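As structure tokens, the structure follows; a few thoughts come after it.
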Amino acid sequence: MQKNLVIVESPAKAKTIQKFLGDDFQVMSSYGHIRDLNKKNAGIDIENGFIPHYEVPTDKTTIVKELKAAAKKSEIVWLASDEDREGEAISWHLSEVLQLDPEKTRRIVFHEITKTAILDAVAQPRTIDTNLVNAQQARRLLDRLVGFELSPVLWKKVKPQLSAGRVQSVAVRLIVEREREINNFIAEASFRIVAVFLVPDGQGRLVEMKAELSKRFVTAQEAQQFLEHCTQSTFRIDEIKKTPTKKSPAAPFTTSTLQQEASRKLGLPVARTMSLAQKLYESGQITYMRTDSVNLSNLAINTSKSVITEKMGAEYVQTRQFTTKSKGAQEAHEAIRPTDMSVATLSTGTPQERRLYELIWKRTLASQMAPAQLEKTTATISVSGQELAFVAVGEVITFDGFLKVYRESFDDDSEDPAGNESSNLLPPMQEGQFLEYKKMIATERFSQQPPRYSEASLVRKLEELGIGRPSTYAPTISTIQKRAYVERGEDEGMERSFHVMSLVGDQLVHSKEVEKYGSNKNRLIPTDIGVVVNDFLMQHFPNIMDYNFTANIEREFDEIAEGDKIWNVVLKDFYEHFHPNVDKTLAIKSEQRVGERVLGIDPKTGRNISVKIGRYGPVAQLGLPDEEEKPMFAQLRKGQSIQDITLEEALELFKLPREVGEYEGYGVKIGVGRFGPYIYHHAKYVSIPKEFDPLDVTLDECIDLIEKKRKADSEKHIKSFDEEPELQILNGRWGPYIAYQKVNYKIPKTIESPAELTLEQCMELIKKEEDSPSGKRKATARATVSKKTATKKKKTTAAKAGTKKVVKKTTPKA
DNA sequence: CAGTGAGCGAGCTTCCGCTTGACTT
């Protein structure tokens, strides 16, 4: 006989709350939303005023059944989902699906998971806020309408399986536009002049002091003239200015700032940060990790205060509550913080989990610490006979405050190394004092192109625009990569040389130095598909692509929540403008495909050449479909783009596949496949390494590569067993491994001679890996494969297709 | 992670926002 049932969204939260509430309460979790729009007919009856058709998805039926049973047995059901739009909707769906009696149902909310907060909430129940629920329905239906009407337009006009949506399409737009800025960017060079002066330190010694000229010169001649002039000049300290400044700590972490700092400080991709944080949350070490709030509970502030006092002294304490700056924040939770501030480091968990925890601990602690006090000194040094002056800047930390534990990093830190270094003290000086220089260096500096977005900086931009939510930042980034709109760059950048002039005494020396620029490594760059889809959407649906679209429509959702607007009227207003645009766009008939670029005519055959997005990606086409001879197609190569490929480059593509000769009586052919250029010979494929150009690789080189591959193949096999033909020990790219029933298993490095492994030892290694948490998928993969190969043994093609699928499944998402 | 290798008029695809888990006949 159960008195009370409490339903929250997360199972970890349920566990904690259960402890606070005791035996009269049973706390269960809904695991997020329990219902969603039907997938068929977009799940919306548009004609009759946007009536939503909801259904419980199959993976939620079990939990719904359990909740239903528990609700039936309880006297009172407490709906304790989050206090925001989505949370209110979850409560409403629960009351509908579980058919709760309003008399026996209470809606409660709390922002922090503490005993008092929960008991307070229980003492002040309310009813479900229908206006807020309707605001959520408007949000949900609008996203469905946009996504499910726009995506099919792309299938027809660009390529099947593409997608568009309120959030993802704008994310892609940001990346495409940034790339265009970079392409249009022209680096401008200027000469920066730094002097090293010698200053007496008051103890009979001379110390060096760097000062930069307040002006940069555009040409090398001007810079040289200035340096030459300096050999005749005197240098005098005109002014010394001291300004005290204060630096305050950053707010505690939200999802977005955690992702940014973990990326900058620990080098973690956002998805990795989130899964590590999830682990910490589930083991009770930190508060909820998907939040847009910077609030801390009083408990957290008070324990921080005592930790700071104890570790560093009372003068380091300055407690404060931060207020959110981000657009559309709903603040249903606390900021991300350790559940117990007195725990500075974890003794359990993986090294990465522990490092992330430490980062969270430091950031939280710092947020309750005193500002740092700094003193900035600026010395202006005039040059006789010149209007220009040198400026030396020193900064001294007079009180470190929060900097003792935490220093926030910024994306452009690398460009400003001096600014964030620890104390940089100027030597003692007086106004009117004359200085001698040790040397002067004029360095050619190029203006920096705008930086490409990283995963984390894209999240920051999206948050700034109010687009997306803490729970969707990481999935959005993965979606736009899965759709191949965007990819992570791999180029280290290019080299360029710059001019340096050094003046020592009156000797001027010129030299050239080299720097790297334009690296896109691990940065997001748009693909051809991304660019074409973006331009298409920008042309036909500019309002959806508007950076302010979400912010504006959010304002309407807020009005619905306030009861000032009717939710399906808002939808109707939107849809009446949106839908005709969809029809209009679909009706456009064009000779050319969206994004197609005609390059010209092949001088040899006189046939038309164009590039476009084909069914399998960017492709060049030689000839037109209505010509007698069928058109030829060639996939664009890596690094080529339909935006800028030339006619000549496209023609090159049709030179493959080509025959290079004969070897052992069989033809040797060069082709380009999914994985780059290859040699085809006697029913075997051999990859062509990067060093070779597939267009002029010779027969001899091919034979060499074929023989190398044969040798590798012959060495591949290490051992097999008569008793178990499906198990082999093989040699792969990463050393020896065990292949068993089409699935591969590692051999630990501790085993020195894999050739001596017995069958029993192999089976043990397999079992060990499958029993590990990460190896479970392998076990199931092997089970399905062995079944498939057993039943369809004779049909080799079918078996092959089966294994292919499994290989895909077991490949991690990267 | 462990070797893969084509096509360009079938078939199916898709949104955003909550939340975690991952089949056995």
Side-chain angles (χ1 to χ4, degrees), chain A residues 8-13 29-37 39 42-43 59-60 63 81-82 84-87 89-90 93 136 139-155 159-169 275 278 282 288 290 332 467-472 475-476 479 483 550 593 612-617 619 621 625 630-635 671-680 684-687 709 712-713 716 730-739 743-747 773 776-777 779-780 783-784 787 804 807 809-812 814:
Chain A
V8 295
E9 291 179 36
S10 142
K13 201 168 165 181
S29 156
S30 73
Y31 291 80
H33 276 293
I34 53 150
R35 267 209 309 195
D36 193 15
L37 293 173
K39 286 244 189 190
D59 57 330
K60 285 290 163 88
I63 184 69
S81 49
D82 299 343
D84 58 15
R85 208 161 59 198
E86 298 297 327
I90 288 174
H93 282 300
Q136 192 274 346
R139 199 282 303 157
R140 179 66 193 93
L141 269 69
L142 181 123
D143 282 335
R144 172 55 69 85
L145 290 170
V146 171
F148 275 38
E149 296 213 359
L150 238 38
S151 300
V153 177
L154 295 180
W155 304 342
K159 182 169 132 43
Q161 265 151 334
L162 294 177
S163 65
R166 176 177 57 84
V167 173
Q168 57 168 288
S169 298
S275 76
Q278 176 91 29
E282 283 171 5
Y288 195 57
R290 290 187 277 262
I467 298 170
R469 305 277 311 133
S471 67
T472 61
T476 300
T479 300
R483 300 272 175 273
T550 292
R593 191 128 181 100
K612 63 183 176 182
I613 303 291
R615 266 206 292 153
Y616 307 98
V619 71
Q621 180 178 337
K630 276 204 160 186
M632 283 172 70
F633 293 90
Q635 203 76 33
V672 178
R674 276 197 288 172
F675 312 103
Y678 63 86
I679 303 165
Y680 180 80
K684 281 224 161 76
Y685 294 90
V686 181
S687 287
K709 165 90 170 170
D713 282 347
K716 188 177 150 190
L730 300 175
N731 208 355
R733 277 210 303 195
W734 288 278
Y737 66 98
I738 300 171
V743 183
N744 301 319
Y745 299 85
K746 318 184 217 274
I747 296 176
K776 278 197 177 147
R777 261 178 271 124
T780 55
T784 51
K787 212 186 294 162
K804 248 186 193 169
V807 168
K809 232 192 236 167
T810 50
T811 319

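The shown structure was predicted, so the numbers you read here are calculated from the model rather than taken from an experiment.
Residue contacts for A:Leu162: at a heavy-atom cut-off of 4.0 Å it reaches the sugar-phosphate backbone alone, with no base atom in range. Residue A:Gly671 is out of contact with every strand shown, counting any heavy-atom pair closer than 4.0 Å. As judged by a 4.0 angstrom heavy-atom cut-off over every strand, A:Ser169 is placed among residues making no nucleic acid contact. Nucleic acid contact for A:Val146: none, since no nucleic acid atom lies under 4.0 Å from a heavy atom of the residue. Counting non-hydrogen atoms under 4.0 angstrom, A:Gly32 reaches a base of the nucleic acid. At the heavy-atom level, A:Ala89 lies nowhere under 4.0 Å from the strands shown.
Within the structure, a side-chain polar atom (N or O) of A:Gln278 is placed less than 4.0 Å from OP1 or OP2 of B:dT20. Considering only side-chain N and O atoms, A:Tyr685 lies under 4.0 angstrom from the phosphate OP1 or OP2 of B:dA6. Of the side-chain N and O atoms in A:Thr472, one or more sit less than 4.0 angstrom from OP1 or OP2 of B:dG17. Proximity of A:Arg483 to the phosphate of B:dT14: a side-chain N or O atom is located under 4.0 Å from OP1 or OP2. Neither OP1 nor OP2 of B:dC16 sits under 4.0 Å from any side-chain N or O of A:Arg469. In this model, the phosphate group of B:dC16 is approached by a side-chain N or O of A:Gln168 to a distance below 4.0 Å at OP1 or OP2. Phosphate proximity of B:dG3 to A:Tyr737: present, with a side-chain N or O under 4.0 Å from OP1 or OP2. Within the structure, a side-chain polar atom (N or O) of A:Ser163 is placed less than 4.0 Å from OP1 or OP2 of B:dC15. For B:dG3, neither phosphate oxygen OP1 nor OP2 lies less than 4.0 angstrom from any side-chain nitrogen or oxygen of A:Tyr678. The shortest distance between the side-chain N/O atoms of A:Arg290 and the OP1/OP2 oxygens of B:dT20 is below 4.0 Å. OP1 or OP2 of B:dC18 lies within a sub-4.0 Å distance of a side-chain N or O belonging to A:Ser471. At the phosphate of B:dC16, neither OP1 nor OP2 sits under 4.0 Å from any side-chain N or O atom of A:Thr476.
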Report task. Quick one: do A:Arg144 and A:Arg139 satisfy side chain to side chain contact (heavy atoms under 4.5 Å, CB included)? Show the steps, please. Result -> CA-CA 9 Å; A:Arg144 172 55 69 85; A:Arg139 199 282 303 157; over 6 Å; no
Query raised in the report: Can you list the steps and then say if A:Arg140 with A:Asp36 is a salt bridge (Lys or Arg N to Asp or Glu O under 4.0 Å)?
Result: CA-CA 9 Å; A:Arg140 179 66 193 93; A:Asp36 193 15; 2.9 Å; yes
Report task. May I have the step-by-step check of side chain to side chain contact (heavy atoms under 4.5 Å, CB included) for A:Arg290 and A:Gln278, ending in yes or no? Result -> CA-CA 9 Å; A:Arg290 290 187 277 262; A:Gln278 176 91 29; 3.6 Å; yes
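B:dT19 atom P lies 12 Å from atom CD of A:Glu282, rounded to whole Å. Distance, A:Tyr680 OH to B:dG5 P: 11 Å, rounded to whole Å. Taking atom CG on A:Asp59 and atom C1' on B:dT19, their separation rounds to 10 Å, with Å as the unit. Separating the OH atom of A:Tyr616 from the P atom of B:dT13 is a distance of 17 Å, rounded to the nearest angstrom. Taking atom CD1 of A:Ile34 as the reference point, atom P of B:dG21 lies 18 Å away to the nearest angstrom. One can place NZ of A:Lys39 at 7 Å from C1' of B:dT14, the figure rounded to the nearest angstrom. At whole-Å resolution of the value, CG in A:Asp143 and P in B:dC18 are 11 Å apart. Atom CD in A:Gln635 sits roughly 16 Å away from atom P in B:dG5 (whole-Å rounding).
Using atom C1' as the reference point in both B:dA2 and B:dA6, the two lie 24 Å apart (nearest Å). Separating the C1' atom of B:dG7 from that of B:dG11 is a span of 15 Å, rounded to the nearest Å. Using atom P as the reference point in both B:dC18 and B:dA22, the two lie 23 Å apart (nearest Å).
Partners of A:Tyr685 according to the side chain to side chain contact (heavy atoms under 4.5 Å, CB included) rule, which considers only residues two or more places apart in sequence or in another chain, are A:Tyr678, A:Tyr680. Checked against side chain to side chain contact (heavy atoms under 4.5 Å, CB included), A:Val167 has the following partners two or more places apart in sequence or in another chain: A:Ile467, A:Thr476.
A donor-acceptor contact under 3.5 Å is not formed by the side chain of A:Arg144 with the base of B:dC16. In this model, no side-chain donor or acceptor of A:Arg615 finds a partner on the base of B:dC8 within 3.5 Å. Contact annotation: side chain of A:Gln136 to base of B:dC16, donor-acceptor pair absent below 3.5 Å. Checked by distance alone, A:Ser687 brings no side-chain donor or acceptor within 3.5 Å of a matching partner on the base of B:dG3.
Taking only side-chain atoms of A:Phe148, from C-beta outward, the nucleotide of B:dG21, B:dC15, B:dC8 with the closest atom is B:dC15. Of the candidates B:dT13, B:dC18, B:dG7, the closest approach to any side-chain atom of A:Tyr288 belongs to B:dC18. For A:Lys709, taking side-chain heavy atoms from C-beta onward, the closest of the listed nucleotides B:dT4, B:dG17, B:dT14 is B:dT4. Candidate nucleotides B:dG17, B:dC15, B:dT20 were compared by shortest atom distance to the side chain of A:Ser10, and B:dT20 ranks first.
At a threshold of 4.0 Å, the pair A:Asp82-A:Lys13 counts as salt-bridged, since one of the basic side-chain nitrogens sits closer than that to a carboxylate oxygen.
For the atom pair CG (A:Leu150) and CD (A:Gln168), the distance works out to 9.5 Å, reported to the nearest 0.5 Å. Here the NE2-OG distance, from A:His93 to A:Ser81, works out to 10.5 Å after rounding to the nearest 0.5 Å.
Map A:Lys60 and A:Pro152 each onto its nearest nucleotide of DNA chain B; the residue landing nearer the 5' end is A:Pro152. A residue-by-residue look at A:Arg85 and A:Pro11 shows that A:Arg85 has its nearest nucleotide of DNA chain B further toward the 5' end.
Annotated as anti: B:dG17, whose glycosidic dihedral deviates from 0 by more than 90°.
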